[in-house]
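Report on one structure; see the data block that follows.
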Amino acid sequence: MALQPWQTGIVTRIENATYNTRRFFIQVPALQTFDFIPGQFVTLDLPIHDKPNKRWRSYSIASWPDGSNIFELLIVQLPGGLGSTYLFENITEGSSLVLRGPQGVFNLPPVIDKDLFFICTGTGIAPFRSMLHYIQLHNIPHQNIYLLFGTRTRQDLLYHQELMELQQHITDFQYIPTLSRENWEGCCGYVHPVYENLIRQRQKDTGSLPPALFYLCGWKAMIDEAKQKILELGYDRKAIHLELYG
């Protein structure tokens, strides 16, 4: 597939999502609608290096197709990160950004005839927010959907109230946040025991491994461990889809 041309986006709004994460709302004036498939990403060309490939930063689209020419990016400020530091320190409402996209094949299957496990850490929740709202708005038939979101503490939770409420509107959907460094009323620890226990319980109830697809988005260490554990549960590599951050 040929690469799409670079174009200009205008930052129309910036909101603080947490103490270190911001929501950037970007309009593409040259387009009447910014069309994309939930799960896709855009690439920004930032003036942070002489070499083009060292200036590019890719971010999953956190919003969903709504017929407008505005989309949302969810960006965390990484200590020492050239791209995120530039965006946090130099970009304000009204600023221009050079971007390309949408791109990527981290998308929902055409027919959702298996359970979906969305497993993420940090801003890796962005593509799953897009997918879930798309499923809800278009009333797409589906099996069980589990969103397992791993963060360190309560203050790191992103879109928490929104996702809690989304459970009331999507049948057979469970949002399961888990905190690794804080005790609270929800799950504690890492995401891996959560999906392992869900699958083993389903297997115990039905007598067979539940048909499932696994979508992984987040940091490399989480994704590497998840891939190994999913294979150990008895699933094929083809059941695993991933989007790597960092």
Check: residues 229-242 side-chain donor-acceptor pairs under 3.5 Å, at least two apart:
residue, atom, partner, partner atom, Å
E232, OE2, Q228, NE2, 3.2
Y235, OH, P210, O, 2.6
D236, OD2, K238, N, 2.8

Checking the side chain of [X] only, and the main-chain atoms of [Y] only, is there a donor and an acceptor separated by less than 3.5 Å?
{"X": "D66", "Y": "S68", "result": "yes"}
{"X": "Q40", "Y": "G104", "result": "yes"}
{"X": "S63", "Y": "E72", "result": "yes"}
{"X": "H49", "Y": "K51", "result": "yes"}

Distance from [X] atom [atom1] to [Y] atom [atom2], nearest 0.5 Å?
{"X": "I91", "Y": "S84", "atom1": "CD1", "atom2": "OG", "answer": "12.5 Å"}
{"X": "L46", "Y": "L97", "atom1": "CG", "atom2": "CG", "answer": "7.0 Å"}
{"X": "Q136", "Y": "H142", "atom1": "CD", "atom2": "NE2", "answer": "10.0 Å"}
{"X": "T151", "Y": "L157", "atom1": "OG1", "atom2": "CG", "answer": "4.0 Å"}
{"X": "Q103", "Y": "I37", "atom1": "CD", "atom2": "CD1", "answer": "12.0 Å"}

Can you name the closest pair of heavy atoms from [X] and [Y] and give their distance?
{"X": "L73", "Y": "Y59", "answer": "CD2-O, 3.9 Å"}
{"X": "I75", "Y": "T123", "answer": "C-CG2, 4.4 Å"}
{"X": "S58", "Y": "T43", "answer": "OG-OG1, 2.8 Å"}
{"X": "D35", "Y": "P102", "answer": "O-CG, 3.3 Å"}
{"X": "L44", "Y": "W6", "answer": "C-CZ3, 4.2 Å"}
{"X": "D113", "Y": "Q143", "answer": "C-CG, 3.5 Å"}

Review point. Taking everything shown except D50 itself, do over 12 heavy atoms lie less than 6.0 Å from its CG?
Key: no
Check your understanding: More than 12 non-hydrogen atoms from neighbouring residues, nucleotides or ligands closer than 6.0 Å to CG on D205, yes or no?
Key -> yes
Distance-only donor-acceptor pairs under 3.5 Å for side chains of residues 171-179, two or more places apart:
residue, atom, partner, partner atom, Å
Y175, OH, H160, ND1, 2.8
T178, OG1, C187, O, 3.4
T178, OG1, G189, O, 3.0

Under the salt bridge (Lys or Arg N to Asp or Glu O under 4.0 Å) rule, collect the residues that match up with [X], sequence neighbours excluded.
{"X": "E162", "value": "R129"}
{"X": "R22", "value": "none"}
{"X": "R13", "value": "E15"}
{"X": "E185", "value": "R154"}

Which residues pass the ring-ring contact (aromatic ring centres under 6.0 Å, His included) test with [X], sequence neighbours left out?
{"X": "F24", "answer": "none"}
{"X": "H192", "answer": "Y195"}
{"X": "F25", "answer": "none"}

**Study point:** ring-ring contact (aromatic ring centres under 6.0 Å, His included) contacts in which one or both residues fall within residues 70-91, not counting sequence neighbours
**Key:** F34-F71
Review point. With hydrophobic residues grouped by side-chain heavy-atom distances under 4.5 Å, do L31 and F36 end up in a single group?
Key: yes
Point to revise | Shared hydrophobic cluster, L74 / L163 (ILVMFWY, side-chain heavy atoms < 4.5 Å) | key: yes
Exercise for review: Could you pull out all residues at least two apart from Q27 that satisfy side-chain contact (heavy atoms from CB on, under 4.5 Å)?
Suggested key: T12, N69, I70
Point to revise | Under-4.0 Å salt bridge between R202 and D115 | key: yes
Check your understanding: So does R152 pair up with D156, basic N to acidic O under 4.0 Å?
Key -> no
Are any of the side-chain heavy atoms of [X] and [Y] separated by less than 4.5 Å?
{"X": "L108", "Y": "I135", "answer": "yes"}
{"X": "F117", "Y": "Y215", "answer": "no"}
{"X": "Y159", "Y": "L166", "answer": "no"}
{"X": "P38", "Y": "P65", "answer": "yes"}
{"X": "I14", "Y": "R23", "answer": "no"}
{"X": "P29", "Y": "I10", "answer": "yes"}
{"X": "L213", "Y": "I112", "answer": "no"}

Review point. Between F41 and E243, is a side-chain contact (heavy atoms from CB on, under 4.5 Å) present by the stated rule, with each step listed?
Key: CA-CA 10 Å; F41 64 89; E243 192 87 322; 3.6 Å; yes
**Study point:** Pairs where residues 87-97 contributes a residue and the test side chain to side chain donor-acceptor pair (under 3.5 Å) is met, not counting sequence neighbours
**Key:** T92-S95
Practice item. List the steps and the verdict of side-chain contact (heavy atoms from CB on, under 4.5 Å) for I48 and R57. Key: CA-CA 10 Å; I48 55 176; R57 297 292 186 275; 3.6 Å; yes
Exercise for review: Verify side-chain contact (heavy atoms from CB on, under 4.5 Å) between M131 and L116, making sure each step is shown before the conclusion.
Suggested key: CA-CA 11 Å; M131 292 176 185; L116 297 181; over 6 Å; no
Practice item. Start with the C-alpha distance between Q7 and L99, add both sets of side-chain angles, then the distance that settles side-chain contact (heavy atoms from CB on, under 4.5 Å), and finish with yes or no. Key: CA-CA 6 Å; Q7 53 192 328; L99 60 93; 3.8 Å; yes
